[in-house]
Engineer: 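The structure follows.
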Amino acid sequence: MSEIHHIDNVGGGALIEDSADVVIIGTGPGGATAARVLTEAGVDVIMIEEGAPYPAGLRRGDAWSAMKLSWRDRSFQIAKGRSITPMIQGCAVGGSTPINGAIIHRTPAPIIANWAKKHGMNEVINEAGLNRVFGRLDEELSVAPTPKSAWGNNNRLFGLAADRLGWKAAPTSRSVAGCEGTARCNQGCPTAVKQSMDVTYIPQAMARGARTYATCRAEKLLRDGDRAAGVEGRFRDPLSGRVGPLLRVKARRAVIVSAGAIHTPVFLQNNRAGRSSGQLGKNLICHPGTSLIADFEEPVDFWFGATQGYECTEFWGELMKFEVVGLPPSVAVARLPGYGPELMRSASRIRHLAHWGLQVRATSEGSVRRGMFGGRPSIKYSINAFDVSLMKKAYARLVEMAFAAGAKRVLPGVPGIPQVLESYDGIRPLFDLPDDPRLFHCIAAHLFGTAAIGTEANNSVVSETGEVWDTPGLYVMDASNLPTNMGVNPQHTICGVSWLMSERLADVVSA
Amino acid sequence: MRLFAFEKRLLAIIADAMLPSGVPGGLQRGAASVPTEAFLSDFEKYAPGESMLGVRAATWIITLLPLLWRFKLRPFGALRPTDRYALLNRLEQSRFYLIRELPNLLKIVVCMAWCSDPRVQRDLHFLSPDSAPPQWLLEASEPATSER
Ligand SMILES: Cc1cc2nc3c(=O)[nH]c(=O)nc-3n(C[C@H](O)[C@H](O)[C@H](O)COP(=O)(O)OP(=O)(O)OC[C@H]3O[C@@H](n4cnc5c(N)ncnc54)[C@H](O)[C@@H]3O)c2cc1C
Ligand code: SF4
């Protein structure tokens, strides 16, 4: 198996050339799964990844070190709208998976049914196909409910709350082989037991002959007539910005763009592909989320326990879902209200604080446009009044959970609401506030829809096979091709859809 | 985008007001025990220009705001500590979103610096603090970081 090529080991020449049947841009769940399926079918594959390898030896507990090495824009990628919404993504070998919570959900049946009805997804992407693939994914990525030994108090109290309220909740299913409960999933698993793509499908594909070029941003689509025929990219050190050689790879059969919901449309826009419907970069949808802090008499020690080891799906039908979130410590302190002595006193109670979050299946839509002169993309997203009203309802329920579990105080961090709530009644004034997106500090980590699947070239960017309508041989396989959000964590769906599309592509290549 | 050395000092003063040392009933080691200016040198190398612009704007606005505030007529750094805390807490409660967000952006940056220090991680009782300080902290404060 070859090692991962990157700026420090490719030498100082001006040009590196290679060729393969299929070239994949991006190594998140979309790209890595495609590499896994295609190489198994005997297809020769090259992967190109802008981020660097992020091995266990580099992973520290402090947030800044992790963000510097493995987060897109060091965690400062934002969408602008009526409020500022951080749109967080990974930028490393493995995409966002080295820093994600490893929560695994199958695509809910009503969502698949809706895709069939409204987006014509039947032949390649359907319930039977997805369920077959989910079984394989579960097995290969060690998916299992978070074991009790890795709960810690943050997760245990959440479960207790749901139990007392009679709400449907369970330890989250996660793709981890032997979680030690270090609560550091978002900084990168220190022992690499999390089954992110960098320790699973990427090495598997490489063992079957795939080559990976990391620290290389794909910039130009090479064409043969109309057809996608390869990719050019430039090596660049993600930390220093030092520029390395040009990479030119020929794709004998196909190019797959798996650069994620923000950078896939940017690559297509830059290369004048996927524009026939006018939908490229539009329809940016997500699951905005926010969190609360609950203060317990007993120590919670949220730094022990699976980062996101318990969830409540009681209100999935009402477009909301609750999860434990083991925040990185600096983020947890920054979330505490107040400044000065007040903040230092709250920080001294950090052992007693639990962190729980909510996400909503939002109806709001935004857009992504390539930046000027190759700069950062312009992301627009405003949470609409309906979604804010959903968040209020969800927030109140989360407060209810905290008190049900025995919290003494809740620190909501919502302007217009007292900074400290001592009972559930304290949250009621939230409903008198306007449905304004600036009420909550939201973030979005589940982003979709900017190069969506559809039935025709005039209403979508790609067909059900993932092929871009106006550019033969060019495919999109990642979160950007999902036409709707799902209300559940998306990694498995992204892998599943990519798997089915890649099986189809493998048939085409071998034919 | 880089901050000037004096801008880093202004921000270090704000950091000290956000997380002051020696608070009775609070943690004893505040932001001043971590070389915030060294962190900022690392941060500004890597953070996107737009975020640095936000950091710079927030630093200036918070520094100059007291000139207009309740006849204090002096910059943030010349206020008494209690007035500094009061100002930051007032900004957090502002009706205006952007005003609320100004100190919040700095709080995130300051907390990232503070919690990078394994000594602070131990003060906070983390189960497994980082075994060594990050490179920027090592370079900035060899003697301080070897202290337990
Ligand atoms: C902090 C966090 C926690 C999360 N937790 C969960 C969870 O618990 N469960 C879950 O299901 N989902 C979770 N998610 C979401 C999930 O990880 C993403 O939805 C998923 O990884 C998206 O997959 P993708 O293949 O579309 O893109 P990504 O995983 O984002 O990968 C895209 C890759 O493409 C690279 N790239 C971009 N442009 C280029 C270019 N031009 N050239 C070369 N490479 C390029 C990027 O650097 C990146 O590595 C989380 C996300 C984050 C950020
Ligand atoms: S909780 Fe810790 S050990 Fe478990 S997967 Fe996450 S980082 Fe790894």
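The shown structure was predicted, so the numbers you read here are calculated from the model rather than taken from an experiment. In what follows, every chain begins at residue 1, and chains take the letters A, B, ... in the order their sequences are listed. As a basis for the values below, the full set of heavy atoms in this structure was taken, side chains included, without hydrogen atoms, waters or symmetry mates.
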Engineer: For the residue pair Tyr97(B) and Ser83(A), establish whether any side-chain heavy-atom pair is separated by less than 4.5 Å.
Structural biologist: yes
Engineer: Between Pro103(B) and chain A, with a heavy-atom cut-off of 4.5 Å, which part of the residue counts as in contact: side chain, backbone, both or neither?
Structural biologist: both
Engineer: Measuring heavy-atom distances to chain A, does Ser116(B) have an atom under 4.5 Å in its side chain, in its backbone, in both, or in neither?
Structural biologist: both
Engineer: Given heavy-atom pairs under 4.5 angstrom as the criterion, report whether the side chain, backbone, both or neither of Ile350(A) touches chain B.
Structural biologist: side chain
Engineer: Could you go through Asp301(A) and Trp303(A), starting from their C-alpha distance and side-chain angles, then the distance that decides it, and tell me whether this counts as side-chain contact (heavy atoms from CB on, under 4.5 Å)?
Structural biologist: CA-CA 5 Å; Asp301(A) 289 334; Trp303(A) 41 82; 3.4 Å; yes
Engineer: Which residues satisfy the side chain to side chain contact (heavy atoms under 4.5 Å, CB included) test with Leu10(B), sequence neighbours excluded?
Structural biologist: Phe6(B), Thr59(B), Trp60(B), Thr63(B)
Engineer: Looking only at heavy atoms and a cut-off of under 4.5 Å, which of Val23(B), Asn104(B), Asp130(B), Leu88(B) has the most pairs with chain A?
Structural biologist: Asp130(B)
Engineer: Specify which of Gly338(A), Ser346(A), Ala347(A) makes the most heavy-atom pairs with chain B at under 4.5 Å.
Structural biologist: Gly338(A)
Engineer: Could you check if a side-chain atom of Asp8(A) sits within less than 4.5 angstrom of a side-chain atom of Arg242(A), using non-hydrogen atoms only?
Structural biologist: yes
Engineer: Between Gly26(B), Ala47(B), Pro48(B), Cys115(B), which shows the greatest number of heavy-atom pairs under 4.5 Å with chain A?
Structural biologist: Pro48(B)
Engineer: Checking salt bridge (charged side-chain N to carboxylate O under 4.0 Å, His left out) for the pair Glu50(A)/Arg72(A): CA distance, chi angles, key distance, verdict?
Structural biologist: CA-CA 10 Å; Glu50(A) 179 178 0; Arg72(A) 166 73 54 189; 3.0 Å; yes
Engineer: Which atoms of Arg345(A) come close to chain B, meaning under 4.5 Å heavy atom to heavy atom: side chain ones, backbone ones, both, or neither?
Structural biologist: both
Engineer: When heavy-atom pairs shorter than 4.5 Å are enumerated against chain B, which of Pro337(A), Ser65(A), Pro299(A), Pro328(A) gives the highest number?
Structural biologist: Pro337(A)
Engineer: Chain A heavy atoms under 4.5 Å from Phe39(B): which part of the residue, side chain, backbone, both or neither?
Structural biologist: side chain
Engineer: Quick one: what part of Asp16(B) sits under 4.5 Å from any heavy atom of chain A, side chain, backbone, both or neither?
Structural biologist: neither
Engineer: Taking side chain as C-beta onward, heavy atoms only, is Arg59(A) less than 4.5 Å from Ser70(A)?
Structural biologist: no
Engineer: Quick check for you: among Leu27(B), Val120(B), Val110(B), which has the greatest number of heavy-atom pairs under 4.5 Å with chain A?
Structural biologist: Leu27(B)
Engineer: Cys111(B) versus Val331(A): any side-chain heavy-atom pair under 4.5 Å?
Structural biologist: no
Engineer: Counting heavy-atom pairs closer than 4.5 Å to chain B, which one of Pro329(A), Ser240(A), Ser75(A) comes out on top?
Structural biologist: Pro329(A)
Engineer: Just so I understand: if I count every heavy-atom pair under 4.5 Å between each of Met112(B), Gln121(B), Lys107(B), Glu101(B) and chain A, which residue has the most?
Structural biologist: Lys107(B)
Engineer: Name the option with the most non-hydrogen atom pairs under 4.5 Å to chain B; the candidates are Met67(A), Gln419(A), Arg184(A).
Structural biologist: Gln419(A)
Engineer: With a 4.5 angstrom heavy-atom cut-off, which part of Leu105(B) approaches chain A: side chain, backbone, both or neither?
Structural biologist: side chain
Engineer: I need the minimum non-hydrogen distance between Leu343(A) and Met18(B), along with the two atoms involved.
Structural biologist: CD2-O, 3.6 Å
Engineer: Using 30° and 60° as the class boundaries, would you call the ring planes of Tyr395(A) and Phe440(A) parallel, tilted or perpendicular?
Structural biologist: tilted
Engineer: At a heavy-atom separation under 4.5 Å, does Asp42(B) approach chain A through its side chain, its backbone, both, or neither?
Structural biologist: both
Engineer: Would you say Ser291(A) and Arg335(A) are linked by a side-chain donor-acceptor pair, where the criterion is simply a distance under 3.5 Å?
Structural biologist: yes
Engineer: For the residue pair Phe43(B) and Trp64(A), does the interplanar ring angle fall in the parallel (under 30°), tilted (30 to 60°) or perpendicular (over 60°) class?
Structural biologist: tilted
Engineer: Could I get the full list of side chain to side chain donor-acceptor pair (under 3.5 Å) partners for Asp295(A), not counting sequence neighbours?
Structural biologist: Arg349(A), Arg409(A)
Engineer: Side chain, backbone, both or neither: which part of Arg100(B) has a non-hydrogen atom closer than 4.5 Å to chain A?
Structural biologist: side chain
Engineer: Between Ala132(B), Ser128(B), Gly54(B), who has the most heavy-atom pairs with chain A when the cutoff is under 4.5 Å?
Structural biologist: Ala132(B)
Engineer: So what's closer than 4.5 Å to chain A heavy atoms on Gln135(B): side chain, backbone, both or neither?
Structural biologist: neither
Engineer: With chain B as the partner, which of Asp436(A), Ile84(A), Thr182(A) has the greatest number of non-hydrogen pairs under 4.5 Å?
Structural biologist: Ile84(A)
Engineer: Counting only non-hydrogen atoms closer than 4.5 Å, does Leu69(A) touch chain B with its backbone (N, CA, C, O), its side chain (CB onward), both, or neither?
Structural biologist: neither
Engineer: Yes or no on salt bridge (charged side-chain N to carboxylate O under 4.0 Å, His left out) for Glu50(B) and Arg376(A), after CA distance, side-chain angles and deciding distance?
Structural biologist: CA-CA 10 Å; Glu50(B) 215 177 25; Arg376(A) 290 193 168 75; over 6 Å; no
